[in-house]
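Along the sequence shown, residues are numbered consecutively beginning with 1. All values reported here derive from a predicted model rather than from experimental measurement.
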Amino acid sequence: MNKNKTVLVCGGAGYIGSHTTVELVQAGYEVIVLDNLSNADASAVEGVEKIIGQKLKFYNIDCNDKTAMDNMFQKEQFNSIIHFAAFKAVGESVNQPLKYYNNNLQSLIVVLEMMKKHNVENLVFSSSCTVYGQPEILPVTEQTPRQEATSPYGNTKQMNEDIIRDTAAADKSLCSIALRYFNPIGAHKSALIGELPKGVPANLVPFITQTAAGIRETLTIFGDDYNTVDGTAVRDYIDVNDLAKAHVAAVNRLAEKKQKTNYEIFNVGTGNGRSVLELVKAFETVNNLKLNYKIAPRREGDIEKIWAETTLANEELGWKAEKTIEQTLESAWNWEKKLRNL
């Protein structure tokens, strides 16, 4: 393996990690996948292997396990890491804050310690638009002040960014990019990989597709009294394949030493806000279905509305979201149908 063309993907069996692995391989990188499968399934790795037509090097390791991580770093040669390995359900984080603080902070700290010890330079970090809290001005730019996080999950992402910023300030050899994702949805066009939540979905689109498939009786929409176009929350929904390509662009930027500073931040979204109801209706239209849904009270930890200003990522990373919402929602339903043999 060429060290400079090899990427370690922590959390690579997860939803975004698996799609990013596909894009990395198709861009000419070798990939080592690491995942403890606590919130992912080994079938995702198999799906990626079918798409790329080759076997992947896979380690079933928890990023918090310092000894196992140290052994893997000694054994393998790579110069870039993408760190996805975090718990990510807003609602669960409100109910189980210690689970989130323990895993999301410690796993990153271990990765940074191993990078220092084994002279690995480049880190792309999976951050989130939740770091903005409920912004006062929309759309949000990378300079938008971070508000107090509305959930422990969002707080861990803010703290992780601070940990990377401070580590990069102290160690100029660390080159890092934090990508602040908006709301990833959809699946690979092959329908071999997609979003596969364990238990009851915490995200909207898997809940929509599972309701359409008859697995869930009713889709629950949390809150219809927000100050938005139809009272439901507004988000910037980005196709997961477009998001995956942003990671390739970030790895390229680090590998080619094109950074302006050794810690950079980019918003990764479409620049368009859509309400929950607008998304539901778009899904119904594109897939010619009717969904059974009900309105429930607001969910603790949710923000009212947010969408991205993406000029910086467009210009500096040379990346832009390309998929239409219709293509994305069709891919999500195709994935669900294949998964359930419908």
Side-chain angles (χ1 to χ4, degrees), residues 7-12 14-24 27 29 31 63 80-88 104 107-108 111-112 115 121-132 135 139-144 146 149 153-154 156-165 167-168 174-186 195 203 235-256 258-271 306-323:
V7 184
L8 173 69
V9 181
C10 300
Y15 175 42
I16 304 167
S18 58
H19 288 79
T20 299
T21 296
V22 169
E23 294 297 336
L24 284 165
Y29 286 95
V31 178
C63 284
S80 297
I81 298 175
I82 305 179
H83 186 61
F84 293 108
F87 297 137
K88 60 181 178 65
N104 292 9
S107 63
L108 174 67
V111 166
L112 288 168
M115 289 178 72
E121 294 178 351
N122 302 328
L123 175 68
V124 177
F125 176 66
S126 162
S127 193
S128 165
C129 65
T130 56
V131 301
Y132 294 113
V140 291
T141 73
E142 289 80 358
Q143 281 71 48
T144 297
R146 297 186 326 190
Y153 163 71
T156 66
K157 290 298 184 185
Q158 288 187 346
M159 293 165 82
N160 277 335
E161 284 192 2
D162 294 345
I163 289 167
I164 297 170
R165 179 200 65 207
T167 307
L174 174 65
C175 298
S176 52
I177 291 175
L179 298 180
R180 290 176 175 167
Y181 315 160
F182 284 69
N183 286 63
I185 59 172
E195 192 164 5
N203 293 340
R235 297 289 182 269
D236 185 338
Y237 296 99
I238 178 168
D239 188 283
V240 68
N241 302 284
D242 283 340
L243 175 57
K245 286 174 181 168
H247 291 80
V248 178
V251 170
N252 288 343
R253 185 174 175 84
L254 292 169
E256 293 162 10
K258 287 186 175 175
Q259 284 184 288
K260 303 274 173 70
T261 65
N262 73 328
Y263 174 52
E264 294 183 321
I265 294 165
F266 296 100
N267 284 338
V268 186
T270 66
I306 191 166
W307 61 92
E309 166 59 61
T310 61
T311 303
L312 192 69
N314 300 159
E315 292 178 355
E316 288 292 327
L317 285 179
W319 167 90
K320 197 174 192 330
E322 293 172 350
K323 301 268 189 194

Note to self: I need the minimum non-hydrogen distance between A178 and S127, along with the two atoms involved.
What the structure shows: CB-CB, 4.4 Å
Item checked: Taking every non-hydrogen atom, the tightest pair across V111 and C10 -> CG2-SG, 4.4 Å
Margin query: Donor-acceptor pair, distance only, cut-off 3.5 Å: does the side chain of N267 make one with the backbone of T310?
Written below: no
Notebook entry, point to check: Hey, are the side chains of H83 and V124 touching, using non-hydrogen atoms and a 4.5 Å cut-off?
Noted result: no
Notebook entry, point to check: Taking all non-hydrogen atoms of both residues, which atom of I16 and which atom of P184 are closest, and how far apart?
Noted result: CD1-CG, 3.8 Å
Check: If only atom types and distance count, is the side chain of Q259 paired as donor or acceptor with the main-chain N or O of S176 below 3.5 Å?
Finding: yes
Next item on the list: Say whether, by atom type as modelled, one donor and one acceptor occur between the side chain of S80 and the main chain of V251 under 3.5 angstrom.
Entry: no
Margin query: Could you tell me if the side chain of V240 sits less than 4.5 Å from the side chain of E195, heavy atoms only?
Written below: no
Item checked: Nearest-0.5 Å distance that lies between atom OG1 in T144 and atom OH in Y132 -> 5.5 Å
Next item on the list: First locate atom CD1 of I177, then atom CZ of F125, and finally report the distance between them rounded to the nearest 0.5 Å.
Entry: 13.5 Å
Check: Is the backbone N or O of F87 less than 3.5 Å from a side-chain atom of N104, with the two atoms forming a donor-acceptor pair by type?
Finding: yes
Notebook entry, point to check: Any side-chain heavy atom of L123 sitting closer than 4.5 Å to one from L108?
Noted result: yes
Margin query: Checking side-chain polar atoms at under 3.5 Å, does Y181 have a donor or acceptor matched by the opposite partner on S126?
Written below: yes
Notebook entry, point to check: Is the closest side-chain heavy-atom distance between T141 and L312 below 4.5 Å?
Noted result: no
Checklist line | Heavy-atom donor-acceptor pair, Y29 side chain to T21 backbone, under 3.5 Å | finding: no
Note to self: So does F266 get a backbone contact from the side chain of E264, meaning a donor-acceptor N/O pair under 3.5 Å?
What the structure shows: no
Next item on the list: Apply the test side chain to side chain contact (heavy atoms under 4.5 Å, CB included) to residues K88 and N203: give CA-CA distance (whole Å), side-chain angles for both, the deciding distance (0.1 Å), then the verdict.
Entry: CA-CA 10 Å; K88 60 181 178 65; N203 293 340; 3.7 Å; yes
Notebook entry, point to check: So, for G154 and V131, which heavy atoms are closest and what is the spacing to 0.1 Å?
Noted result: O-CG1, 4.4 Å
Notebook entry, point to check: Quick one: are M115 and L112 in side-chain contact, heavy atoms under 4.5 Å?
Noted result: yes
Next item on the list: Calculate, to the nearest 0.5 Å, the distance between atoms CG and CG belonging to D236 and N183 respectively.
Entry: 7.5 Å
Check: Below 4.5 Å, heavy atoms only, C-beta onward: do W319 and V268 meet side chain to side chain?
Finding: yes
Next item on the list: Using a strict cut-off of less than 4.0 Å between a Lys/Arg side-chain nitrogen and an Asp/Glu carboxylate oxygen, indicate whether E142 and R180 qualify as a salt bridge.
Entry: no
Next item on the list: Look up atom CD in E121 and atom CG in L174, then write down how far apart they are to the nearest 0.5 Å.
Entry: 9.0 Å
Item checked: Spacing of CD1 belonging to I185 relative to CG belonging to D242, to within rounding of 0.5 Å -> 10.5 Å
Next item on the list: Kindly compute the distance separating CZ (R235) from CZ (F182), expressed to the nearest 0.5 Å.
Entry: 10.5 Å
Note to self: Which heavy atom of G11 sits nearest to which heavy atom of F84, and what is that distance?
What the structure shows: O-CB, 4.0 Å
Checklist line | Heavy-atom check, side chain of L24 versus side chain of V9, under 4.5 Å | finding: yes
Item checked: For Y263 against A168, the heavy-atom pair lying closest together -> CB-CB, 4.0 Å
